[in-house]
*Asks:* 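Let me give you the structure first, and then I'll get to my questions.
These numbers were taken from a predicted model, which means no experiment stands behind them. In the text below, chain A, chain B and the rest are named by the order of the sequence lines, each starting its count at 1.
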Amino acid sequence: MSDPAFKSDFLQTMQARGYIHQISHPAELDAAARDGTITAYVGFDATASSLHVGNLISIMMLRRLQQAGHKPVVLMGGGTTKVGDPSGKDESRKLLTDADIAGNIASIRTVFEKFLTFGDGPTDAVMVNNDDWLSKLGYIEFLREYGPHFTVNRMLTFDSVKLRLEREQPLTFLEFNYMLMQAVDFLHLNRNRGVQLQMGGSDQWGNIINGVELVRRMDQKAAFALTTPLLTTASGAKMGKTAAGAMWLNADMLSPYDYWQFWRNAEDADVGRFLRLFTDLPLDEIARLEALPGAEINEAKKVLATEATRMLHGEAEAQRAAAAAQMAFEQGGLSADLPTHEVPAADLTAGVQLADLAVAAGLAGSKGEARRLAQGGGLRVNDKAEPDANRIITDAEFVDGVVKLSAGKKKIVLVRPV
RNA sequence: GGGGGAAUGUCCCGAGUGGCAAAGGGGGGGGACUGUAAAUCCCCUGCGGUAUCGCUUCGUAGGUUCGAGUCCUACUUCCCCCA
């Protein structure tokens, strides 16, 4: 799997930082990346208006690619999104309208602009939408053009298919065709933009390989596949999924403060790996940080949080998030940059029930949950545990114009009258 | 086309005898211990209420019953076997 003797900067970096799980033609790709500029792409779904932390590793691959002097292509799955991603099985796949999809893509693009440099230059990133070509395909045309290049025999050998069949779970014809559409994407990009490499998560290996083979078979051109390891936390949980929901990348869906906190709360065992994957810090610096003993590893986590936040939200936001966290956690003080919930001043004068306030501030999902939280000792008002969620909060409780509400040790919200 | 099964707490898996807000896991939340970590232990996990109260839940729609997740009918979806 791993070919240790890469000569190209790109693959050396990718390997050293832990991005590589499988490569289809390692030596050939290495030579291509060493001798010239290669163009590579990663496909992304357009089902939501923001990508999340789970997509970050793919985004970072494109960033590394560009840093190494190559050209990244971001493929938005506008066309495939229309069909609906079949792998998200039972979930009521809501049918997105063209306008929804276009809106999502525009929103997602703002994130890519943080990680990549877009433009018309030879190594500038470009964003394309597979709806542009997929939706024009006629069924007969599709079958005649691409059908002969795939055997069902072979398609049945792919893990994604095999597992379903072995477990006797249904596999729809739509899903069965998904890999063909992805292969067509690769071929199209190769022909029109000279794309030679598709990257993605390890679960995409089969799909990517189909594209590689289609390009090689139909056009006798070089095409490569590169996948990343499946990213889980050290304790085996999927990256970026917490109770609070997905860790979104768009600031309007997840604040820089919360994003910083997400990285700050990484497990010890993940710190080094995350630093290599998700920051631009030099490897020797990372080696030093991850070797910090005992509680000192927290320093490394702060670096991780600040670096990751800086990359996505910028220097100013990263510093504010770091400072707010320091105030709140290390000095027990308050920072104006903590998450804030605004309440009409008149309501506070009259008094608001604590449970209602906690729900409104997002600390609890329902009043019942707020009550339980309070009874368990997890709800605090101005750092004092408050077992009675029915208590009425008035503006008399305010210190410096705010009341500090916390649920557990990590969730803090400032209530501010307006 | 015929026959047989299955859908459960809207995160997942999964028990369920006509009296059930419904066993048990996982996941998640809180507390203790720590370092905003892991591991461990304890508590909580449908919504609302100051109470041993009310409301809403077991694929959908009807029905039987004082009472239905549990019985009957139709429908939907999925799986298996035969053709």
*Asks:* On a whole-Å scale, what distance lies between the C1' atoms belonging to rC11(B) and rC75(B)?
*Replies:*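 Comparing C1' positions in rC11(B) and rC75(B) gives a spacing of 29 Å.
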*Asks:* Using the P atom as the reference point in each nucleotide, state the distance between rU70(B) and rG59(B) in Å, no decimals.
*Replies:*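 Nearest-Å result for rU70(B) against rG59(B) at atom P: 8 Å.
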*Asks:* In whole angstroms, how far is the P atom of rA37(B) from the CD atom of Glu267(A)?
*Replies:* 10 Å
*Asks:* Would you mind telling me which residue lines up with the more 5' stretch of RNA chain B, Lys367(A) or Gly378(A), judged by nearest nucleotide?
*Replies:*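 Per heavy-atom nearest nucleotide, the more 5' residue is Gly378(A).
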*Asks:* How far, in whole Å, is rG35(B) from rG49(B) if one measures between their P atoms?
*Replies:* 39 Å
*Asks:* Checking Glu113(A) now: which residues fulfil salt bridge (Lys or Arg N to Asp or Glu O under 4.0 Å) with it, not counting sequence neighbours?
*Replies:*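 Scan of Glu113(A) (salt bridge (Lys or Arg N to Asp or Glu O under 4.0 Å), adjacent residues dropped) gives Arg109(A).
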*Asks:* Mind checking what makes ring-ring contact (aromatic ring centres under 6.0 Å, His included) contact with Phe44(A), not counting sequence neighbours?
*Replies:*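 If we apply the ring-ring contact (aromatic ring centres under 6.0 Å, His included) test to Phe44(A), skipping adjacent residues, the hits are Phe112(A).
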*Asks:* How would you list all residue pairs meeting ring-ring contact (aromatic ring centres under 6.0 Å, His included) that involve residues 308-332 of chain A, not counting sequence neighbours?
*Replies:*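 Those involving residues 308-332 of chain A are Tyr259(A)-His313(A).
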*Asks:* Would you mind classifying the nucleic acid contact of Lys302(A) as base, sugar-phosphate or nothing, using non-hydrogen atoms under 4.0 angstrom?
*Replies:*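 Nothing: the residue Lys302(A), judged by heavy atoms under 4.0 Å, touches no strand.
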*Asks:* Measuring from the side chain of Arg264(A) (C-beta onward, heavy atoms only), which nucleotide among rG31(B), rG35(B), rU36(B) has the closest atom?
*Replies:*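 The nucleotide sitting nearest to the side chain is rU36(B).
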*Asks:* Distance only, no hydrogens: is a donor on one side chain within 3.5 Å (strictly under) of an acceptor on the other, for Ser107(A) and Asn250(A)?
*Replies:*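 There is such a pair (donor and acceptor under 3.5 Å, judged by atom type) between the side chains of Ser107(A) and Asn250(A).
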*Asks:* Does anything in residues 380-397 of chain A come within less than 4.0 Å of RNA chain B? Heavy atoms only, and list the residues if so.
*Replies:*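 Going residue by residue through residues 380-397 of chain A, the ones with a heavy atom under 4.0 Å of RNA chain B turn out to be Arg380(A), Asn390(A).
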*Asks:* Expressed as a whole number of angstroms, how long is the span from Phe329(A):CZ to rU34(B):C1'?
*Replies:*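 So the two atoms are 15 Å apart, to the nearest Å.
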*Asks:* If you measure only the distance, is there a donor-acceptor pair under 3.5 Å linking the side chains of Gln204(A) and Gln182(A)?
*Replies:* yes
*Asks:* Let's see if you can work this out: which of rG49(B), rG35(B), rU36(B) has an atom nearest to the side-chain heavy atoms of Ala325(A)?
*Replies:*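 The closest nucleotide is rU36(B).
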*Asks:* What one-letter contact string describes nucleotides 51-57 of chain B from 5' to 3', where B marks a base within less than 4.0 Å of any protein heavy atom, S marks contact via sugar-phosphate atoms alone, and - marks no contact?
*Replies:* -------
*Asks:* Choose from rG48(B), rU36(B), rG35(B) the nucleotide whose nearest atom is closest to any side-chain atom of Asn298(A).
*Replies:* rG35(B)
*Asks:* In whole Å, measure the gap between the C1' atoms of rG67(B) and rC78(B) for me.
*Replies:* 32 Å
*Asks:* rU36(B), rU45(B), rA37(B): which one has an atom nearest the side-chain heavy atoms of Arg372(A)?
*Replies:*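 For the Arg372(A) side chain, the nearest candidate turns out to be rU45(B).
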*Asks:* Can you measure Lys411(A) atom NZ to rU36(B) atom C1' for me and round it to whole angstrom units?
*Replies:*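 Distance check: Lys411(A) NZ to rU36(B) C1' gives 13 Å.
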*Asks:* List in chain and number order the residues that pass ring-ring contact (aromatic ring centres under 6.0 Å, His included) with His341(A), two or more places apart in sequence or in another chain; answer none if no residue qualifies.
*Replies:* none
*Asks:* Side chains of residues 65-72 of chain A: which donor-acceptor pairs under 3.5 Å do they make with residues two or more places apart or in other chains?
*Replies:*
from, atom 1, to, atom 2, distance (Å)
Gln66(A), OE1, Thr117(A), N, 2.9
Gln66(A), NE2, Thr117(A), O, 2.9
Gln66(A), NE2, Thr123(A), O, 2.8
Gln67(A), OE1, Arg64(A), NH1, 3.4
Gln67(A), NE2, Asp280(A), OD1, 3.3
Gln67(A), NE2, Asp280(A), OD2, 3.3
His70(A), ND1, Ile38(A), N, 3.0
Lys71(A), NZ, Gly121(A), O, 3.2
Lys71(A), NZ, Asp124(A), O, 2.7

*Asks:* Return the set of residues passing salt bridge (Lys or Arg N to Asp or Glu O under 4.0 Å) with Arg276(A) (not counting sequence neighbours), or none when no residue passes.
*Replies:* Glu290(A)
*Asks:* Which part of the nucleic acid, if any, lies within reach of Leu379(A) when heavy atoms closer than 4.0 Å are counted: base, sugar-phosphate only, or nothing?
*Replies:* nothing
*Asks:* Which nucleotide wins on minimum distance to the side chain of Asn265(A), given the candidates rU36(B), rG30(B), rG31(B)?
*Replies:* rU36(B)
*Asks:* Need the pair for rU40(B). Rule: Watson-Crick or G-U wobble, both distances under 3.5 Å, any strand; none if unpaired.
*Replies:* rA32(B)
*Asks:* Identify whether the glycosidic angle of rC20(B) places it syn (within 90° of 0) or anti.
*Replies:* syn
*Asks:* I'd like the P distance from rU36(B) over to rC41(B), given in whole Å.
*Replies:* 22 Å
*Asks:* For rU50(B) versus rC43(B), give the span between their P atoms, rounded off to a whole number of Å.
*Replies:* 27 Å
*Asks:* Hey, can you pull the residues of residues 286-293 of chain A with a non-hydrogen atom under 4.0 angstrom from RNA chain B?
*Replies:* none
*Asks:* Under 6.0 Å between ring centres, would you say that holds for Phe142(A) and Tyr146(A)?
*Replies:*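 Yes; Tyr146(A) has its ring centre under 6.0 Å from that of Phe142(A).
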*Asks:* OP1 or OP2 of rG48(B) less than 4.0 angstrom from a side-chain nitrogen or oxygen of Ser366(A), does that happen here?
*Replies:*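 Checking rG48(B) against Ser366(A), a side-chain N or O does come within under 4.0 Å of OP1 or OP2.
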*Asks:* Which base sits across from rA6(B) as a Watson-Crick or G-U pair, both distances under 3.5 Å?
*Replies:*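 Base partner found: rU77(B).
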*Asks:* Kindly say whether, by distance alone, the side chain of Gln261(A) makes a donor-acceptor pair under 3.5 Å with the base of rU36(B)?
*Replies:*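 Such a pair exists between side chain and base.
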*Asks:* Between atom CZ in Arg273(A) and atom C1' in rA38(B), what is the gap in whole Å?
*Replies:*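 After rounding, the reported distance stands at 14 Å.
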*Asks:* Name the nucleic acid region contacted by Gly294(A), choosing base, sugar-phosphate or nothing; use a 4.0 angstrom heavy-atom cut-off, strictly under.
*Replies:* base
*Asks:* What verdict does the side-chain hydrogen bond (donor to acceptor under 3.5 Å, both in side chains) test give for Trp263(A) and Thr309(A), after you've listed the backbone C-alpha separation in whole Å, the side-chain angles of each residue and the deciding distance to 0.1 Å?
*Replies:* CA-CA 9 Å; Trp263(A) 293 106; Thr309(A) 306; 5.5 Å; no
*Asks:* Between rC20(B) and rU8(B), how far apart are the C1' atoms? Round to whole Å, please.
*Replies:*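 It works out to 12 Å between them.
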*Asks:* Figure out the CG/P separation between Asp268(A) and rU36(B), and round it to whole Å.
*Replies:* 11 Å
*Asks:* Side chains of residues 384-392 of chain A: which donor-acceptor partners sit under 3.5 Å, not counting sequence neighbours?
*Replies:*
from, atom 1, to, atom 2, distance (Å)
Glu386(A), OE1, Arg391(A), NH1, 2.3
Glu386(A), OE2, Asp388(A), N, 3.0
Asp388(A), OD1, Asn390(A), N, 2.9
Asn390(A), OD1, Gln353(A), NE2, 3.0
Asn390(A), OD1, Arg371(A), NE, 3.2
Asn390(A), OD1, Arg371(A), NH2, 2.4
Arg391(A), NH2, Glu397(A), OE1, 2.9
Arg391(A), NH2, Glu397(A), OE2, 2.3

*Asks:* In whole angstroms, how far is the P atom of rG30(B) from the CD1 atom of Ile412(A)?
*Replies:*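 Between P of rG30(B) and CD1 of Ile412(A): 12 Å.
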*Asks:* Under the side chain to side chain contact (heavy atoms under 4.5 Å, CB included) rule, collect the residues that match up with Arg217(A), sequence neighbours excluded.
*Replies:*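 In terms of side chain to side chain contact (heavy atoms under 4.5 Å, CB included), with neighbours along the sequence ignored, Arg217(A) is linked to His149(A), Glu213(A).
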*Asks:* Among all residues two or more places apart in sequence or in another chain, which pass the salt bridge (Lys or Arg N to Asp or Glu O under 4.0 Å) test with Asp30(A)?
*Replies:* none
*Asks:* Please pick, from rU36(B), rG35(B), rG49(B), the nucleotide with the shortest atom-to-atom distance to any side-chain atom of Gln353(A).
*Replies:* rG49(B)
*Asks:* Say whether Ser255(A) and Asp258(A), considering side chains only, have a donor N or O and an acceptor N or O under 3.5 Å apart.
*Replies:* yes
*Asks:* With rounding to the closest Å, how many angstrom separate the C1' atoms on rG62(B) and rU52(B)?
*Replies:* 35 Å
*Asks:* Give a yes/no answer on whether the side chain of Lys410(A) brings an N or O atom under 4.0 Å of OP1 or OP2 in rA37(B).
*Replies:*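 It does, given that an N or O in the side chain of Lys410(A) lies less than 4.0 Å from OP1 or OP2 of rA37(B).
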